[in-house]
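Following: one structure in structure tokens, then a few remarks.
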Amino acid sequence: MFRRDLKLFFKCLTSALLSFAVLVVICIAAVVAIMYGGDDSNALPKVVVVDNEDSRLSNMIFSLASSMDMVLEIMEPEFMTEEEAMIELENGRCSAVVILHDGFTKDIMHGAEGHGTIIVPSALSAQADAVCEIAKFAETLLMAGQYGVFCGEEMIDEADLWGDYPDYTYDSNIMLFGEAVAGSADYFEIEVMDYSGTGMHTFPYYAMCWTIALLFLVALFFCGLFTEDLNRGMLTRLYSYGVGHAGFMCGKMVTTFVFRLVLALGAIFAIDVSGLSQINWAAIPFLLIAVAYITLIASALTVCFGDGITSHVLLSVCGLLLCGGIVQRQLLPHFILRIGDFTPFGGAKALISPMFGAPVDIPVMIAALLYSVIAVVAIYLKLRFTLEGRRAV
């Protein structure tokens, strides 16, 4: 039986090789499009600064600030006139415009409340509050430093020492600005968090999700392997030779398991070599279990639904969507993401993700075990009903 299964496997593979190659290219292109698609979407957000004061001090401060490593890690600052900046914003060529009005630095230097405007496009309106809070935080830090300056100013005033310290306020604030610029690299360090609670970075997560989808969709090219012998006459003959339900499925599942395993290892090895993610090869048993799980679920769908095209596509597309493999996870409600975790697709994701350093999700793995039991029962009932000549309900 295994020799026949192997023959059918290569027959299916040969006939579908071109289509399969196209599917692989589509999956790779989808990951690239999501990660790097659009108008240079992978670049740092461009923030335009409008300096309406245009004084020597403001030019010095903002030139220093724009060259700071801390700033360059998170955004691409650029200076323009207000008219140019608004054109850039309206045409979607920048993420925000910061307008510093005339006298902005003068107000700061003398302790008066400065006034600036942050403009974000309507598409980013949900982030406007966060941008403003960041600006307020920076203002609070500056005010904390200035508090000491103005306390010293009061002491000079009370002691009538302005003749000895005529430029105390100005010089102190210049020193304060210089310390803020020079010390930023020491006071703050940039940390890149994992992608929305997944335990891994963004690119490996998308690559993993689309690899899982590919492993499920592999079943489309091997439908004949499962359905060609799936009839009462063949099952009766095999049964008379002592080949039961397990023997009928064993060769078919082993060949497709090995094929999927090679694909999965190739994809993960490519991610590891690219340096985009640190692969935990000690967790490879999770990969073996995941590939076996995907093979079992896909086999059950093919056996129970004939060619299973609709079911395989729905499972993959819905799983990708609900797990954040198509739409960014930040844009999906948490309960939607959790529903996605408990789909058959989510079960495969939970089994593979430890290889990328993600934590083990025990509840989802239990759900995957439940899906596996359901798949085994479904295959058994389908084969039994086919052998008995009646339709499964």
Item to check | Student check: side-chain heavy atoms of Ile297 and Leu315 closer than 4.5 Å | outcome: yes
Checklist outcome for this item: Sorted by chain and residue number, the side chain to side chain contact (heavy atoms under 4.5 Å, CB included) partners of Leu332 (sequence neighbours excluded) come out as Val327, Leu337
Checklist entry - If you round to the nearest 0.5 Å, how far is CZ of Arg260 from CD1 of Ile294? => result 7.5 Å
Checklist entry - Does Phe305 reach the side chain of Thr310, with side-chain heavy atoms less than 4.5 Å apart? => result no
Cut-off 3.5 Å, no hydrogens considered: what does the side-chain donor-acceptor table look like for residues 357-379, sequence neighbours left out?
unit_1	atom_1	unit_2	atom_2	d
Asp361	OD2	Arg338	NH1	3.1
Tyr371	OH	Phe342	O	2.7
Ser372	OG	Ala368	O	2.9

Next on the checklist: I'd like to know if the side chain of Ser316 reaches the main chain of Val313, judged simply by a donor and an acceptor atom lying under 3.5 Å from each other, with no hydrogens or angles considered.
Outcome noted: no
Next on the checklist: The test is side chain to side chain contact (heavy atoms under 4.5 Å, CB included); show your working for Ile268 and Met208 and say whether it passes.
Outcome noted: CA-CA 8 Å; Ile268 293 175; Met208 179 193 69; over 6 Å; no
Next on the checklist: Just verifying a value: how many Å separate Met355 CE and Ile284 CD1, rounded to the nearest 0.5 Å?
Outcome noted: 5.0 Å
Checklist entry - Can you pull the side-chain hydrogen bond (donor to acceptor under 3.5 Å, both in side chains) pairs that have at least one residue in residues 212-222, sequence neighbours excluded? => result none
Checklist entry - Would you say the side-chain atoms of Arg329 pair up with the backbone N or O of Gly324, donor to acceptor, closer than 3.5 Å? => result no
Item to check | side chain to side chain donor-acceptor pair (under 3.5 Å) partners of Thr81, counting only residues at least two apart | outcome: Glu84
Item to check | Gap between atom NZ of Lys252 and atom CZ of Phe226 - 0.5 Å precision | outcome: 7.5 Å
Next on the checklist: Other members of the hydrophobic cluster containing Leu314, with the 4.5 Å side-chain heavy-atom rule, please.
Outcome noted: none
Checklist entry - To the nearest 0.5 Å, how far apart are CZ in Phe356 and CD1 in Ile279? => result 4.5 Å
Checklist entry - Tyr293 side chain to Pro344 main-chain N or O, any donor-acceptor pair under 3.5 Å? => result yes
Item to check | Where at least one partner belongs to residues 344-354, residue pairs that pass salt bridge (charged side-chain N to carboxylate O under 4.0 Å, His left out), sequence neighbours excluded | outcome: Asp341-Lys349
Checklist entry - So, for Phe222 and Phe259, is the gap between ring centers shorter than 6.0 Å? => result yes
Item to check | Closest contact, heavy atoms only, Gly340 versus Cys323 | outcome: O-SG, 3.3 Å
Item to check | Geometric class of the Trp281/Phe269 ring pair [parallel <30°, tilted 30-60°, perpendicular >60°] | outcome: tilted
Next on the checklist: Contact between Val254 and Thr295 at the side-chain level, heavy atoms closer than 4.5 Å - yes or no?
Outcome noted: no
Item to check | Spacing of CG belonging to Leu320 relative to CD1 belonging to Ile326, to within rounding of 0.5 Å | outcome: 5.0 Å
Item to check | Pairwise distance CD(Glu82) to CD1(Ile87) - rounded to 0.5 angstrom | outcome: 11.5 Å
Item to check | Qualifying residues under side chain to side chain contact (heavy atoms under 4.5 Å, CB included), relative to Leu322, sequence neighbours excluded | outcome: Ile336, Ile339, Thr343
Next on the checklist: If the condition is ring pair (Phe, Tyr, Trp, His ring centres under 6.0 Å), which residues does Tyr380 pass it with, not counting sequence neighbours?
Outcome noted: His245
